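Note that the structure is a prediction, hence the values are computed from the model and not measured. Start at 1 and go down the list; that is how both ligands and their atoms are numbered.
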Amino acid sequence: MKRRNFIKKASLSGVGLAIGSTLIGCENKPSEDKKHVSSSEQIKLPLVIATWHVIDSTAKAMEILQAGGSALDAVEQGCRVEEANEKGQSVGKGGLPDRDGNVTLDACIMDKHGNCGSVVYLQNITHAVSVARKVMEDTPHVMLAGEGAKQFAISKGFQPEDLLTEASKKAWEKWKVEAKYKPIINIENHDTIGMLAIDKNGDISGACTTSGLAYKMGGRVGDSPIIGSGLFVDNEIGGCVATGLGEEVVKTVGSFLVVELMRQGKSPQEACEEAIGRIVNKPNSDYKNFQVGYIAVNKKGETGSYSIHQWFSMTKFQDGVNEQIQSDYFIKT
Ligand code: SD4
């Protein structure tokens, strides 16, 4: 898997954000003078960040941003790259199915005005993120599910297709031999793409798209299409997206929490760390057996990422550099 082949770009003690020649600290305990960008001139816009190793997706998003496109267009188009990539087995076409062999997609999108749209349990339509955008823009609703979402997509011109590729079918058939259901940390069932962008105007949007946990129960929906859990954007403050075991993200309303912590003055890094803290510090938390990761950006263009286990990463494209940055993480031993 590509995420296993990541290039370690930043030390784990301080996933830094290079702005001009200044390293703006996102360390666990940044010194006061490194904590914040001192003036808006220092922000190198536009910028885009995404969960995991998705440099083709961030490249597409940056192409749109550089051409003066909106953050909303950038995150939609960026996510579509991974949705169309059949080799990515957790997003869009080629996503691993539920235990009955059905590929079901969850996605959402949120714009600079706080508008949002979402689809859950969508079948046979590759570009779930674009359907979510249509829900946002062309309906009075926020979420459409299942057959209704599919029929809505078809009415908007999306072509239905079989999303179960030969490779995913084979993997599912192999899984069925033992049919053990246990989330595997950082393995094929964690590759959701969540993306946040700030455009040249300084406006923020975000999107999230996934086929969810591999071999989930039929009908299961995770955090990714749930505004506030898998994604939240407040254009005055910043944005956050989540990946990992969606149930744990939903229980702590993770992305909304991160944005609210940034509103209270925490850096994106500090906010991501505290949100992971809310999960691991629960009495009887089983956190050693699952992964959750957050990435976040604030209005100043500072970014952060944090996860429970090692090997979570963020792709970041800013100032001509499109790179994978390994995330700091909670379990060190
Ligand atoms: C879910 N959060 O459905 C998603 C899975 C995920 O990378 O992030 N995979 O729970």
Below 4.0 Å from any atom of ligand 1, is there a heavy atom belonging to Ser224? yes

Got a second to check how far Glu273's CD is from Asp328's CG, nearest 0.5 Å? 6.0 Å

Do any nitrogen or oxygen atoms of [X] lie less than 3.5 angstrom from nitrogen or oxygen atoms of ligand 1?
X: Asp223; value: yes
X: Gly212; value: no
X: Thr243; value: yes
X: Gly222; value: no

Give the atom numbers and elements of ligand 1 that come within less than 4.0 Å of a heavy atom of Thr192. 4 (C), 5 (C), 6 (C), 7 (O), 8 (O), 9 (N)

List every atom of ligand 1 that sits less than 4.0 Å from any heavy atom of Leu213, numbering the atoms from 1 in the order shown and giving each element. 3 (O)

Applying side chain to side chain contact (heavy atoms under 4.5 Å, CB included), can you list everything that pairs with Met143, at least two apart in sequence or on another chain? Ser118, Val120, Ile226

Closest by any non-hydrogen atom to atom 10 (O) of ligand 1: pick that one out of Glu247, Arg220, Lys216. Arg220

Can you check whether Thr104's main-chain N or O pairs, donor with acceptor, with Asn102's side chain at less than 3.5 Å? no

Intermediate values then yes/no, side chain to side chain contact (heavy atoms under 4.5 Å, CB included), Lys93 and Glu161: CA-CA 9 Å; Lys93 188 155 187 175; Glu161 54 183 324; 3.0 Å; yes

Whichever hydrophobic residues join Val81 through chains of side-chain contacts under 4.5 Å: none

Ser267 and Glu302: side chain donor to acceptor below 3.5 Å: no

